[in-house]
A.B. asks: 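My structure is below; once you've seen it, I'll send some questions.
In what follows, every chain begins at residue 1, and chains take the letters A, B, ... in the order their sequences are listed. In what follows, every heavy atom counts, from backbone to side chain, and hydrogens, waters and symmetry copies are set aside.
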Protein chains: 2
Amino acid sequence: MTTINEATPSSTGGAAGREADWLGAVAAEAALFGPSSSAERAADILRKQITEGRLRPGSRVPEKELAAAAKVSRNTLREAFRLLSHEGLLVYEMHRGVFVPQPTEADVVDLYRLRRVLECDVLRGLEGLDSDRLVPLRAALEHSEAAAVAGDWAEVGTGNMRFHEHLVGLADSPRINAVTARLVAELRLIFHIIAQPQELHEPYIARNRAILELLENGRYGDAADELHQYLLDSEERILAAFRSVS
Amino acid sequence: MTTINEATPSSTGGAAGREADWLGAVAAEAALFGPSSSAERAADILRKQITEGRLRPGSRVPEKELAAAAKVSRNTLREAFRLLSHEGLLVYEMHRGVFVPQPTEADVVDLYRLRRVLECDVLRGLEGLDSDRLVPLRAALEHSEAAAVAGDWAEVGTGNMRFHEHLVGLADSPRINAVTARLVAELRLIFHIIAQPQELHEPYIARNRAILELLENGRYGDAADELHQYLLDSEERILAAFRSVS
DNA sequence: GCATATTTGTCCGTATGTATA
DNA sequence: CTATACATACGGACAAATATG
């Protein structure tokens with residue numbers, strides 16, 4: 001399985017600064033949180049490290065060091081691992097440890113298939129929507145637009161994803177929301193292995209705006225059609241980027 | 001992993017007269033399993049107890065006794081709890097313990113909404129399906145029919161659910177399969193609350209047969225339409241039964 | 001191919017806090 | 001309100017598997 005990554009062969013030996021900086025971020029984050037269970041807290045912290053790209057796809061996640069950094073016991077940390085592995089953000093390999101998964105092209109296809117079904121269906125079922133509900137969508141869109149001006153393409157990406165999360169949220173379906181949260185998390189993983197932020201996110205600001213305007217005019221069916229094409233194009237672009245990496 | 005269980009349910013003849021014998025069943029089951037992690041093994045066992053109705057919705061699941069019955073440590077069992085709570089088969093209540101959830105009418109509505117979207121979409125995307133792929137559907141259907149003759153309505157129910165699991169399996173989408181597995185598990189919970197097996201399962205044998213025959217004739221769109229109506233009717237019937245219980 | 005070091009898998013004992021009788 | 005039971009969490013220990021030299 002010695003496929004891609006590992007593009008920095010020179011190292012392996014120490015250099016505490018670079019590879020340990022996300023461990024420091026974990027330790028810092030650990031102080032902020034409040035109540036709830038320790039395992040969930042640890043899972044929240046780890047999730048953030050992964051989705052924000054400090055823990056890259058393919059990385060090993062060692063129990064011992066991470067337990068120390070997050071200041072929880074190994075047992076508690078393992079509960080957090082189980083949580084995250086069920087979300088698709090970690091994978092267990094028996095007696096080898098936990099890893100951040102590396103999605104494949106097949107995963108991209110599968111994931112987009114589900115996105116198309118769910119998101120388009122949500123839009124088609126919005127008859128009689130209160131227009132106040134669209135406020136979070138607009139906020140996410142403006143977040144992306146501001147980030148684009150600043151040239152922060154990663155932040156454009158999170159804005160776009162937030163747009164789609166709020167979009168499916170319009171359906172008021174806890175289960176659809178849960179599935180979407182998982183899909184978005186996996187999507188972030190994919191973005192991190194491609195690492196061409198601008199080409200990946202910038203074109204979709206305008207298209208999200210178009211969808212939002214259709215929704216504001218109550219043209220839900222048209223919005224769904226536009227979204228369908230949007231998702232086909234996005235999938236195609238990601239697959240192309242994938243091939244250029246491998 | 002989350003495959004479809006094999007037979008040998010030993011079929012719990014009578015429906016009466018035992019409260020704690022599921023603890024014994026856990027201990028018995030614990031001996032059978034082979035490799036894999038202890039946590040996953042414990043989760044498999046517990047999942048079976050829940051979906052087969054020996055652990056009823058609303059039950060408390062005490063970690064100490066269960067750890068003894070399954071012969072695993074409490075730490076390991078807690079990992080299994082986390083797994084199952086993410087599948088919707090258990091819920092955590094902070095400092096109170098773990099419980100088998102009691103789905104509400106709102107859950108039924110939400111769940112059926114997702115079922116309709118996913119299952120119907122799968123059927124509409126089956127152009128050019130190899131007819132061999134339908135064999136498991138027929139097997140599940142015949143399982144239901146045989147159980148109906150024997151008057152074992154619970155088994156009719158598992159046959160019907162297996163039919164639908166294989167149906168979505170035709171899409172070859174791991175993520176759709178995973179979501180469906182979760183939905184089916186929750187559905188079983190609901191059936192166990194209502195406990196009117198015959199009225200709930202018997203009418204759908206014929207309808208599953210109708211869907212299968214449409215599929216065998218390549219009429220995927222018609223099958224999807226039939227399935228859509230099927231799911232609407234099923235939801236309505238469950239909601240009615242729900243109201244008569246509460 | 002072998003011996004060793006490291007890491008995971010699992011269990012136990014125990015201390016603390018929370019909910020309930 | 002106190003007492004008890006139980007969940008939460010920790011740290012140590014050992015076996016088993018893997019990775020390394």
Side-chain angles (χ1 to χ4, degrees), chain A residues 1-3 5-6 9-14 16 19-20 23 26-27 30-31 33-46 55 58-86 90-101, chain B residues 1 20 23 26-27 29-31 33-46 55 58-86 89-101:
Chain A
M1 290 288 286
T2 61
T3 42
N5 73 354
E6 301 297 341
S10 64
S11 67
T12 66
E19 40 189 64
L23 280 171
V26 168
F33 274 81
S36 84
S37 118
S38 281
E40 284 163 14
R41 233 177 321 163
D44 286 338
I45 297 171
L46 245 185
L55 250 176
S59 311
R60 216 174 71 86
V61 184
E63 269 185 17
K64 201 177 167 187
E65 296 149 48
L66 188 54
K71 293 208 232 344
V72 296
S73 79
R74 268 182 64 212
N75 286 322
T76 303
L77 183 65
R78 284 171 62 86
E79 287 188 38
F81 282 169
R82 295 289 183 187
L83 285 176
L84 292 173
S85 75
H86 223 280
L90 292 178
V91 289
Y92 261 87
E93 295 185 21
M94 257 299 241
H95 290 286
R96 291 197 61 242
V98 249
F99 297 80
V100 182
Chain B
M1 313 271 290
L23 276 170
V26 166
E29 204 95 32
F33 274 82
S36 83
S37 117
S38 282
E40 283 164 15
R41 228 180 328 168
D44 286 337
I45 296 171
L46 245 185
L55 249 176
S59 311
R60 216 174 74 85
V61 184
E63 74 176 34
K64 196 177 171 186
E65 294 146 52
L66 187 55
K71 295 211 229 347
V72 295
S73 78
R74 296 204 308 288
N75 287 323
T76 302
L77 184 63
R78 284 173 62 85
E79 288 188 32
F81 282 169
R82 295 289 184 187
L83 284 176
L84 293 173
S85 74
H86 219 281
L89 287 178
L90 292 177
V91 289
Y92 261 87
E93 296 185 20
M94 257 300 241
H95 290 285
R96 290 199 59 240
V98 193
F99 297 81
V100 182

A.B. asks: By nearest atom, which of the nucleotides D:dC10, C:dA19, C:dG9 is closest to the A:V72 side chain?
C.D. replies: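 From the listed options, D:dC10 comes nearest.
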
A.B. asks: Taking only side-chain nitrogens and oxygens of A:R60, does any of them come within less than 4.0 Å of OP1 or OP2 of C:dT8?
C.D. replies: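 The answer is yes; a side-chain N or O of A:R60 sits under 4.0 Å from OP1 or OP2.
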
A.B. asks: Roughly how far, to the nearest 0.5 Å, is the CG atom of B:L89 from the CZ atom of B:F99?
C.D. replies: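 So the gap between those two atoms works out to 16.0 Å.
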
A.B. asks: Name the residue closer to the 5' end of DNA chain C, choosing between A:N75 and A:V98 according to the nucleotide with the nearest heavy atom.
C.D. replies: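 Checking each residue's closest nucleotide, the 5'-ward one belongs to A:V98.
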
A.B. asks: Without decimals, in angstroms, what is the distance between B:H95 NE2 and D:dA7 C1'?
C.D. replies: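 Between C1' of D:dA7 and NE2 of B:H95: 7 Å.
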
A.B. asks: Would you kindly give the CG-to-P distance between A:L77 and C:dT7, to the nearest whole Å?
C.D. replies: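 Going from CG in A:L77 over to P in C:dT7 covers 15 Å.
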
A.B. asks: Round to a whole Å and report the spacing from OH of B:Y92 to C1' of C:dT18.
C.D. replies: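 Value for this atom pair: 16 Å.
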
A.B. asks: NZ of A:K64 versus C1' of D:dG11: gap in Å, rounded?
C.D. replies: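 Nearest whole value for this atom pair: 13 Å.
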
A.B. asks: Just to confirm, is there a sub-4.0 Å distance from OP1 or OP2 of D:dG11 to any side-chain nitrogen or oxygen of A:S73?
C.D. replies: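 No.
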
A.B. asks: Donor-acceptor pair under 3.5 Å: do we get one between B:R74's side chain and the base of C:dG13?
C.D. replies: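 Check fails, no donor-acceptor contact within cut-off.
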
A.B. asks: Nearest to the side chain of A:R78 - C:dT8, D:dA7, D:dC10?
C.D. replies: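 So the side chain of A:R78 is nearest to C:dT8.
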
A.B. asks: Between A:H86 and B:H86, how do the two ring planes meet: parallel, tilted or perpendicular, split at 30° and 60°?
C.D. replies: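 Rings of A:H86 and B:H86: tilted, 30 to 60°.
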
A.B. asks: Both A:R96 and A:A39 contact DNA chain D. Taking the nearest nucleotide for each, which residue is further toward the 5' end?
C.D. replies: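 With A:R96 and A:A39 compared, the 5'-side residue is A:A39.
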
A.B. asks: Quickly work out the B:M94 CE to C:dT18 P distance and round it to whole Å.
C.D. replies: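 One finds 9 Å between P of C:dT18 and CE of B:M94, rounded.
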
A.B. asks: Can you figure out which of D:dT8, C:dT8, C:dT10 approaches the side chain of A:E63 most closely?
C.D. replies: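 It is C:dT8.
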
A.B. asks: Salt-bridged, A:R82 to B:E40, with N to O below 4.0 Å?
C.D. replies: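 Between B:E40 and A:R82 there is a salt bridge, with a charged N closer than 4.0 Å to a carboxylate O.
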
A.B. asks: Rounded to whole Å, please give me the gap between CZ in A:F99 and C1' in D:dA19.
C.D. replies: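 Distance, rounded to whole Å: 11 Å.
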
A.B. asks: Are side-chain heavy atoms of B:L55 and B:L46 found at a separation under 4.5 Å?
C.D. replies: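 A side-chain contact under 4.5 Å exists here.
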
A.B. asks: Could you tell me whether the side chain of B:V100 reaches within less than 4.5 Å of the side chain of B:V61, counting heavy atoms only?
C.D. replies: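 Touching, per the 4.5 Å side-chain cut-off.
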
A.B. asks: Is there a side-chain polar atom (N or O) of A:T76 under 4.0 Å from OP1 or OP2 of D:dT8?
C.D. replies: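 For D:dT8, OP1/OP2 do not have a side-chain N/O of A:T76 under 4.0 Å.
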
A.B. asks: What integer distance in Å separates B:K71:NZ from C:dC12:P?
C.D. replies: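 One finds 12 Å between P of C:dC12 and NZ of B:K71, rounded.
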
A.B. asks: Indicate, with a heavy-atom threshold strictly under 4.0 Å, whether A:F81 touches base, sugar-phosphate, or nothing.
C.D. replies: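 The residue A:F81 makes no contact with any strand.
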
A.B. asks: Can you tell me how far P of D:dA7 sits from CD of A:E79, to the nearest Å?
C.D. replies: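 My rounded result for the distance is 13 Å.
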
